[in-house]
> 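Below is one structure. I have some questions about it.
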Amino acid sequence: MTDNERSDQQVQEKQQTLEEVVANRRQKLEELRQAGINPYPYRFDKTHAVDEVLAAFDKLAADGTVVRMAGRMMLKRKMGKASFADIHDQTGKIQIYVKQDNVGADVYQMFSKLDLGDFLGVAGTLFVTKTGEKSVHVNELVLLAKSLHPLPDKHAGLVDKEMRYRRRYVDLIVNPEVRETFIRRSRIIQSIREFFNSRGFLEVETPILQPIYGGATARPFKTHHNTLHTDLYLRIADELYLKRLLVGGFEKVWEFCKDFRNEGMDRLHNPEFSMVELYWAYADYTDIMRLVEDMFRKVVFDLHGAYKIRYEDHEIDFEPDFRRVSMVDAVREKAGFDLIDMDYATARKAAKAAGVDVDKAINWGKVVEACFEHFVEPTLIQPTYITDFPQEISPLAKVHRNHPRLVERFELFIAGLECANAFSELNDPDDQRRRFEAQAEAAKAGDEEAHVIDEDYLTALMYGMPPTGGLGFGVDRLVMLLTGSHSIRDVIFFPQMKPEREE
RNA sequence: GGGGGUGUAGCUCAGUGGUAGAGCAUCUGCCUUUUAAGCAGGUGGUCGAAGGUUCGAUCCCUUCCACCCUCACCA
């Protein structure tokens with residue numbers, strides 16, 4: 001080799017930056033095409049998934065069955081004229097053994113140049129190596145898709161959280177536990193659907209684009225319809241539409257809904273998130289409590305085959321009846337004072353003396369809520385229904401049958417997380433109008449999240465809505481609980497991120 | 001919005017007031033039962049961005065950007 005040739009070779013060997021690695025893979029792509037190989041063929045006849053092969057390995061190996069498998073090459077160990085490689089499919093990974101004698105020199109030459117990340121299809125028989133690894137003895141090998149972008153470190157994987165969220169597809173390739181979390185998410189959703197459908201609830205769909213938002217207290221995302229020349233809002237809740245369906249004569253409806261709230265983001269909040277809402281005519285909030293308990297037990301058991309789970313250092317048991325305690329009683333237990341008969345000023349004084357921050361508690365209900373959050377909420381580890389909320393903080397719930405200051409409402413807490421919210425729904429149109437008007441006052445006083453008056457909804461109530469129990473729960477939080485995830489971002493495939501800046 | 005942390009090669013990470021290192025990936029060679037294959041050799045960086053201090057900054061200071069944690073806010 002002359003000096004000139006040597007330096008040419010060194011120039012050609014330069015491929016350090018990402019751009020150059022990609023360029024090198026493109027070069028291989030071109031070489032494949034020159035050799036008459038389509039690097040992106042159309043299909044592959046696959047007979048077995050990895051888990052199927054591993055489950056029936058002994059029999060398939062003994063029979064000499066030819067299996068046809070496909071997946072992404074994640075590791076490659078080349079030893080001259082024979083190689084091992086690990087192929088991953090959705091169900092797992094398996095080792096393949098590619099020997100020049102078996103596949104032929106041309107195919108082996110091609111295989112030698114394939115990169116980690118390429119998709120392969122192989123056909124072959126099964127055998128166990130000297131070291132005991134279940135493997136595929138490949139007789140036929142085809143490239144199914146060329147990968148141009150290198151994968152993260154084969155051992156350390158991808159750790160950087162920003163990259164994992166922004167490029168979830170890479171996260172999924174290299175971090176198998178992420179895939180497992182999302183498979184569980186899917187199972188949970190299936191289990192919920194089975195439960196409600198089996199109880200005779202009709203799964204329905206209601207608008208995401210709404211002219212007036214409502215059903216929750218939150219700031220909305222606003223958009224514009226060009227042809228109608230009108231502003232629209234992405235829904236913050238489905239409640240008011242589902243209840244219109246009860247006016248219309250449906251008795252048991254529910255919906256899996258994506259809701260959107262234009263608020264802060266943290267480990268429990270993503271601007272777009274999944275809820276289930278459900279409405280049940282002729283039922284009240286005690287019926288809903290029984291329903292929720294049954295649903296949680298089914299979902300937990302379907303997923304874990306047991307009623308006990310672990311979450312963040314707690315063992316949580318779904319088998320016993322969920323505890324029920326009213327909000328003021330819960331505060332009395334922990335704080336030692338009883339708010340139920342105090343007026344606003346007295347309650348506020350008592351709360352302040354106990355160290356509760358009541359600066360923003362503008363009425364009795366808000367004081368009760370502040371005391372509850374201060375003293376009680378963090379202590380609610382086992383599934384607990386907190387019932388009978390103050391009226392001021394519950395504009396869509398019916399007044400309590402035994403107490404005028406309270407409404408028939410509960411929230412379910414598990415592991416300190418708020419996991420469900422339900423009422424005996426307010427169906428008195430005049431009372432509903434008064435509650436909306438109180439919200440409008442609050443909005444005027446600067447509450448950006450107060451309810452807007454929805455005249456059409458009030459009209460619907462005037463036609464008459466049966467007594468109804470209603471429920472809402474956050475699907476993402478339930479998935480967090482059941483998958484041991486600390487952040488909502490770990491149970492949403494593509495959580496909201498700030499757009500990357502163009503450099 | 002407050003506080004704390006992180007940002008160095010494609011990935012995972014060391015490191016230093018005198019313009020940088022490892023492992024993996026990648027490239028070349030050898031190797032027909034390896035498995036984080038091995039062995040030998042090679043390439044690779046505007047040390048997040050912009051200012052400042054300094055003879056000299058990746059390191060010290062300021063500001064900014066992104067992400068993480070946490071508190072606050074928030075059905």
Side-chain angles (χ1 to χ4, degrees), chain A residues 1 6 9-25 27-28 74-86 93-103 108 113 115-117 127-135 137 148-167 170 174 215-219 236-237 239 259 261-269 271 273 275 357 359-360 369 373 389 393-397 409 411 418-423 447-451 472-474 477 486-487 489 497-501 503:
Chain A
M1 188 185 278
R6 194 185 309 276
Q9 189 185 349
Q10 278 173 353
V11 169
Q12 278 180 350
E13 284 170 12
K14 269 191 145 206
Q15 30 219 312
Q16 305 76 14
T17 65
L18 176 60
E19 288 72 22
E20 284 165 327
V21 172
V22 171
N24 181 258
R25 291 195 179 197
Q27 174 65 31
K28 290 175 177 176
M74 295 298 288
L75 287 176
K76 189 174 167 188
R77 297 174 287 279
K78 189 182 167 193
M79 300 161 304
K81 296 184 175 59
S83 298
F84 289 94
D86 286 3
K93 64 176 174 185
I94 194 163
Q95 175 171 272
I96 63 171
Y97 179 55
V98 185
K99 193 161 64 161
Q100 179 167 295
D101 295 349
N102 284 75
V103 295
Y108 192 77
K113 290 192 172 179
D115 294 298
L116 299 187
F127 76 110
V128 179
T129 64
K130 279 179 187 168
T131 50
E133 179 93 10
K134 293 172 179 172
S135 308
H137 201 108
L148 294 179
H149 195 297
L151 290 169
D153 185 285
K154 68 186 183 187
H155 190 239
L158 186 64
V159 170
D160 180 67
K161 282 198 180 177
E162 179 179 1
M163 190 67 96
R164 291 180 54 195
Y165 293 141
R166 287 195 194 276
R167 298 193 184 172
V170 182
V174 299
T217 54
R219 284 148 68 188
I236 57 172
E239 173 146 359
D259 292 343
R261 297 186 185 177
N262 204 342
E263 294 180 334
M265 295 156 56
D266 57 35
R267 77 175 190 94
L268 295 173
H269 299 85
F273 62 102
M275 293 255 294
D357 178 8
D359 290 350
K360 289 179 182 158
E369 186 182 34
E373 286 171 3
F389 283 50
I393 60 170
S394 314
L396 298 166
R409 171 180 178 184
E411 285 187 351
E418 181 194 322
C419 287
N421 182 24
F423 333 130
D447 185 349
E448 285 187 274
E449 303 195 332
H451 258 89
F473 65 87
R477 287 189 191 175
H486 180 71
S487 167
R489 291 183 152 187
M497 303 286 284
K498 249 184 217 188
E500 282 184 287
R501 313 190 98 220
E503 292 299 333

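Only a predicted model underlies this, so the values are computations on that prediction, with no experimental measurement involved. The chains referred to below are lettered A, B, ... by the order of the sequence lines, with proteins before strands, and numbering in each begins at 1.
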> Check every atom of B:U32, B:U34, B:C24 against the side chain of A:Lys99 and return the nucleotide holding the closest atom.
B:U32
> If I pick the P atom on B:C13 and the same atom on B:G48, what distance separates them, to the nearest angstrom?
15 Å
> Quick one: A:Lys161 NZ to B:U70 C1', roughly how many Å, whole number?
13 Å
> What closest approach, in Å, do A:Ser135 and A:Gln95 show between heavy atoms, and which atom pair accounts for it?
OG-NE2, 2.9 Å
> For B:G29, take OP1 and OP2 only and decide whether either is under 4.0 Å from a side-chain N or O of A:Lys78.
no
> Picking from B:C73, B:U34, B:U12, which would you name as closest to the side chain of A:Ala156?
B:U12
> Between the base of B:U32 and the side chain of A:Asp101, is there any donor-acceptor pair under 3.5 Å?
yes
> What does A:Arg477 touch in the nucleic acid at a heavy-atom separation under 4.0 angstrom: a base, only the sugar-phosphate, or nothing?
nothing
> Mind calculating the distance between CD (A:Gln100) and P (B:C30) to the nearest angstrom?
13 Å
> At under 4.0 Å between heavy atoms, what does A:Lys113 touch on the DNA or RNA strands: base, sugar-phosphate, or nothing?
nothing
> Does B:U58 have a Watson-Crick or wobble partner in any strand here, with both distances under 3.5 angstrom, and which is it?
none
> Search all heavy atoms of A:Leu148 against all heavy atoms of A:Val22 and return the closest pair with its distance.
O-CG2, 3.4 Å
> In whole angstrom, give the distance that lies between atom CG of A:Asp86 and atom P of B:A36.
9 Å
> Report the relative orientation of the aromatic rings in A:Tyr97 and A:His137; use parallel for angles under 30°, tilted for 30 to 60°, perpendicular for over 60°.
perpendicular
> Atom CZ of A:Arg25 and atom P of B:A25: how far apart are they, to the nearest Å?
12 Å
> Taking CG from A:Asp115 and C1' from B:G10, how many angstroms apart are they, rounded to a whole number?
13 Å
> Pairing check on B:C39: which nucleotide meets the Watson-Crick or G-U wobble criteria with it, both distances under 3.5 Å?
B:G29
> Taking the side chain of A:Lys81 as its heavy atoms from C-beta onward, which of B:U32, B:A36, B:C67 lies nearest to it?
B:U32
> Using atom P of each nucleotide, how far apart are B:G1 and B:A37 to the nearest Å?
46 Å
> Suppose you measure atom P in B:U12 against the same atom in B:G7; what distance do you get, rounded to whole Å?
12 Å
> Mind checking the P distance from B:U26 to B:G21? Whole angstroms is fine.
23 Å
> For the backbone of A:Ile236 and the side chain of A:Arg261, can you confirm whether one donor and one acceptor N or O come within less than 3.5 Å of each other?
yes
> Taking all non-hydrogen atoms of both residues into account, name the closest pair between A:Lys81 and A:Tyr108 and its distance.
C-OH, 3.2 Å
> Can you tell which of B:C67, B:C73, B:U32 lies closest to the side chain of A:Met79?
B:U32
> Judged by each residue's nearest nucleotide on RNA chain B, which is more toward the 5′ side, A:Arg77 or A:Ile393?
A:Arg77
> With RNA chain B as reference, determine whether A:Thr129 or A:His269 sits nearer its 5' end, using the nearest nucleotide of each.
A:Thr129
> Can you tell me which nucleotide in B:U70, B:U33, B:C67 comes closest to the side chain of A:His486?
B:U70
> Report the base-pairing partner of B:C13 (Watson-Crick or G-U wobble, both distances below 3.5 angstrom), or none.
B:G21
> Looking at the side chain of A:Tyr97, which of B:C67, B:U33, B:U12 is the nearest nucleotide?
B:U33
> Counting only side-chain heavy atoms from C-beta out, which of B:U34, B:C67, B:C11 sits nearest to A:Asp153?
B:C11
> Between B:U26 atom P and A:Leu151 atom CG, what is the distance in whole Å?
10 Å
> Once you apply a heavy-atom cut-off of 4.0 Å, does A:Glu263 come out as touching a base, just sugar-phosphate, or nothing?
sugar-phosphate
> Run the salt-bridge test on A:Arg77 and A:Asp86 with the 4.0 Å N-O cut-off and return the result as yes or no.
yes
> Tell me the interatomic distance from A:Glu162, atom CD, to B:U6, atom P, rounded to whole angstroms.
16 Å
> By nearest atom, which of the nucleotides B:C11, B:C27, B:A37 is closest to the A:Asn24 side chain?
B:C27
> Write down the distance separating the P atoms in B:G51 and B:G5, rounded off to the nearest Å.
26 Å
> Let's test this: given Watson-Crick or G-U wobble pairing with both distances under 3.5 Å, identify the partner of B:U46.
none
> So what does A:Phe423 hit on the nucleic acid, given a heavy-atom distance under 4.0 Å: a base, only sugar-phosphate, or nothing?
base
> Quickly work out the A:Arg261 CZ to B:C73 P distance and round it to whole Å.
18 Å
> Taking atom NZ as the centre, does A:Lys28 end up with more than 12 heavy-atom neighbours from other residues, nucleotides or ligands that are less than 6.0 angstrom away?
yes
> NZ/A:Lys113 to CZ/A:Arg25 distance, rounded to the nearest 0.5 angstrom?
14.5 Å
> May I ask you to verify whether the side chain of A:Gln95 and the base of B:U34 hold a donor-acceptor pair under 3.5 Å?
yes
> With rounding to whole Å, what would you report as the distance between B:U6 and B:U62 at their P atoms?
14 Å
> When rounded to the nearest 0.5 angstrom, what distance separates CZ in A:Phe389 from CD in A:Glu411?
3.5 Å
> Can you check the distance between B:C60 and B:A14, where both ends of the measurement are the P atom (answer in whole Å)?
15 Å
> Across all strands, who's sitting opposite B:G7 as a Watson-Crick or G-U wobble pair, both distances under 3.5 Å?
B:C65
> B:G56 and B:C71: how far apart are their C1' atoms, nearest whole angstrom?
42 Å
> Under 4.0 Å, counting only non-hydrogen atoms across every strand here, what does A:Gly472 touch: a base, just sugar-phosphate, or nothing?
nothing
> Identify which nucleotide among B:U26, B:C73, B:U32 has an atom closest to any side-chain atom of A:Asp357, counting heavy atoms from C-beta outward.
B:C73
> When you measure from the side-chain N and O atoms of A:Lys154 to the phosphate of B:A37, is any distance below 4.0 Å, counting only OP1 and OP2?
yes
